[in-house]
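Working notes, beginning with the structure itself.
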Amino acid sequence: MSARTARGNVDLLSERLDPALVIPLDGLDELVAVLQQRGYRVIGPRARDGAIVYDDITGAADLPIGWGDEQDAGSYRLVRRADDARFGYAVGPHSWKQFLQPPHVRLWQAQRDGAPEAEPGPDRPLAFVGVRACDRHAIEIQDRVLLGGRYTDDDYAARRDGAFVVAVDCADPAGTCFCVSMDTGPGVDDGFDLALTELLDGEHRFLVRVGSERGAEVLSEVSCRDPEAEERSTREQIVAHAAERMGRELDTTGLRELLQDALEHPRWDEVAERCLTCGNCTMVCPTCFCTTVEDVTDVRGEHAERWRSWDTCFSLDHSYMHGGSVRAGGRSRYRQWLTHKLGTWWDQFGTSGCVGCGRCIAWCPVGIDITEEAAALRTPPSDGARP
């Protein structure tokens with residue numbers, strides 16, 4: 001396999017409407033090295049603590065080589081694959097939200113006799129390696145929520161600015177996935193700098209599509225070759241096969257209106273009997289964005305800090321107003337989450353708040369299934385039940 005010169009790669013990519021090249025297995029190490037040399041903090045998937053998590057990586061050896069996953073309602077486990085796929089899993093409990101909107105972040109600090117000092121932004125831009133289509137859409141949704149309104153989130157903007165996205169087509173959806181229903185996958189079509197398709201037939205290699213000028217510049221420093229016709233068609237086959245193997249589906253027809261008319265449906269009582277209101281679903285959700293702010297001081301009152309932390313609409317304090325919590329019971333809190341995620345999110349942001357990743361299903365301790373609950377609301381209440 002010959003390595004093209006940097007200039008040759010850029011020229012080749014600029015001539016194509018659908019620019020794509022093929023890199024060998026070792027090309028992943030080259031890609032990570034190039035990103036590091038360009039000053040990025042490179043983050044990717046790793047197998048750790050019995051799950052696929054996202055963390056800093058220094059090379060392709062850090063990736064979850066040969067690991068897949070099995071997921072169902074309230075169930076997740078890693079399994080060994082019969083090959084050495086680098087991206088042979090679906091999604092784990094982590095999402096890229098934890099780097100763009102961290103669970104805990106200090107906003108400012110101050111001394112008694114000084115002015116508040118804003119927390120400095122990140123010291124280098126982020127590079128995400130292994131972004132699935134569902135998570136790519138989740139980032140786009142958070143951009144709309146935190147950057148697209150009248151007021152922007154400065155901390156999110158600083159982390160998002162310059163972030164480099166290396167996306168990956170999904171070939172092995174989990175039993176909890178329903179991205180096809182949400183039109184968010186399994187293939188990655190836009191919003192990336194580079195997009196990989198892992199090809200495991202014969203030679204282990206990657207078809208790489210370019211989505212930006214800086215993506216072309218980075219790829220120009222990686223060994224690559226022209227794709228063959230069957231390699232392009234293989235990518236289409238992989239995505240189509242994954243789409244046929246979704247573990248779940250969600251009927252979105254008239255869903256927003258359905259939820260508006262089903263606020264007193266008896267199903268809310270049934271799910272409340274199972275829901276622990278633990279907030280796991282909101283913590284693993286890649287689009288949930290609610291936060292709370294807390295001011296803390298030292299015991300002498302000389303130093304103060306303001307911290308922002310993730311919050312959840314399943315907590316009593318989330319809807320607390322003078323006199324008590326607006327949503328005192330689990331029924332009203334689960335109803336708030338589901339109707340907002342699948343319904344009123346459209347009114348606020350012009351999109352659904354769900355990308356079909358299935359994390360909320362797998363990581364719910366009692367296995368509550370958002371697709372099952374939405375389907376149940378389509379069933380008219382039995383005689384004698386509340387409408």
Side-chain angles (χ1 to χ4, degrees), residues 1-46 54-65 84-88 96 99-100 122-133 135-136 139 159-169 171 187-200 202-229 231-232 234-235 238:
M1 180 177 296
S2 61
R4 294 184 176 275
T5 63
R7 184 66 262 159
N9 276 350
V10 173
D11 290 343
L12 174 66
L13 295 169
S14 65
E15 293 172 358
R16 296 180 172 171
L17 295 176
D18 179 24
L21 290 170
V22 172
I23 65 172
L25 185 58
D26 292 344
L28 283 182
D29 267 320
E30 293 182 35
L31 176 59
V32 172
V34 170
L35 291 170
Q36 291 173 330
Q37 291 166 7
R38 287 173 173 258
Y40 288 98
R41 175 191 172 191
V42 184
I43 301 167
R46 307 185 71 152
Y54 297 141
D55 204 346
D56 294 86
I57 61 173
T58 59
D62 293 331
L63 299 175
I65 301 172
D84 290 330
R86 270 54 174 171
F87 302 100
W96 306 100
F99 302 103
L100 296 173
D123 58 353
R124 49 185 172 150
L126 302 170
F128 298 149
V129 177
V131 180
R132 302 293 179 166
D135 280 347
R136 207 287 303 163
I139 293 174
R159 298 173 188 275
R160 183 70 174 94
D161 184 42
F164 191 98
V165 174
V166 181
V168 177
D169 286 324
V188 187
D189 296 322
D190 53 23
F192 56 82
D193 295 290
L194 296 174
L196 308 178
T197 307
E198 189 165 17
L199 305 179
L200 296 166
E203 175 197 356
H204 195 163
R205 64 215 185 279
F206 297 87
L207 180 72
V208 187
R209 290 172 292 133
V210 177
S212 70
E213 290 186 7
R214 63 178 180 173
E217 293 172 357
V218 167
L219 190 57
S220 73
E221 299 182 43
V222 178
S223 300
C224 51
R225 63 167 171 82
D226 289 325
E228 298 175 2
E231 289 172 325
R232 288 178 177 273
T234 298
R235 188 254 168 183
I238 289 172

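Numbers here simply count residues along the sequence, with the first being 1.
Between the CZ atom of Phe87 and the CZ atom of Arg132 there is a distance of 7.5 Å, given to the nearest 0.5 Å. Atom CG of Leu100 and atom CG of Asp161 lie 11.5 Å apart (nearest 0.5 Å). Of the inter-residue distances, the one linking Asp84 atom CG with Leu200 atom CG reads 9.0 Å to the nearest 0.5 angstrom. Atom-to-atom distance recorded for Arg205:CZ and Leu21:CG is 13.5 Å, nearest 0.5 angstrom. In this structure, CD in Glu217 is found 5.5 Å from CZ in Arg38, a value given to the nearest 0.5 Å. With values rounded to the nearest 0.5 angstrom, Arg235 atom CZ is found 4.0 Å from Asp169 atom CG.
Of all non-hydrogen atoms in Asp193 and Ser212, the two that sit nearest each other are OD1-OG, 2.6 Å. Taking both residues in full, the closest heavy atoms of Tyr40 and Ala127 are given as CB-CB, 3.7 Å, listed atom of the first, atom of the second, then distance. Shown here for Pro45 and Ile57, the closest heavy-atom pair between the two residues is O-CG2, 4.3 Å. Taking all atoms of both residues into account, the shortest heavy-atom contact from Pro227 to Leu207 is CB-CD1, 3.9 Å. Between Leu35 and Val129, the closest heavy-atom pair is CD1-CG2, 4.3 Å.
For Arg124, the side chain to side chain contact (heavy atoms under 4.5 Å, CB included) test picks out Arg41, with sequence neighbours left out. Under the side chain to side chain donor-acceptor pair (under 3.5 Å) criterion, Glu30 pairs with Ser223, sequence neighbours left out.
The main-chain N or O of Asp190 is found under 3.5 Å from a side-chain atom of Arg136 such that the two form a donor-acceptor pair. A distance-only check finds a donor-acceptor pair linking the side chain of Glu198 to the backbone of Arg86 [under 3.5 Å]. With hydrogens and angles disregarded, a donor-acceptor distance shorter than 3.5 Å links the side chain of Asp62 to the backbone of Thr58. A donor-acceptor pair is defined here as one N or O able to donate and one able to accept, closer than 3.5 Å; such a pair exists between the side chain of Arg214 and the backbone of Gly162.
Between Asp56 and Arg46 there is no salt bridge, since no side-chain nitrogen of the basic residue lies less than 4.0 Å from a carboxylate oxygen of the acidic one.
Inter-residue side-chain proximity for Phe206 and Val168 is flagged as unmet; no heavy-atom pair is nearer than 4.5 Å. Looking only at side-chain heavy atoms (C-beta outward), Leu194 and Phe164 come within less than 4.5 Å of each other. Between Thr234 and Thr197 the shortest side-chain heavy-atom distance does not fall below 4.5 Å.
The aromatic rings of Phe99 and Phe128 sit tilted, their planes meeting at an angle between 30° and 60°.
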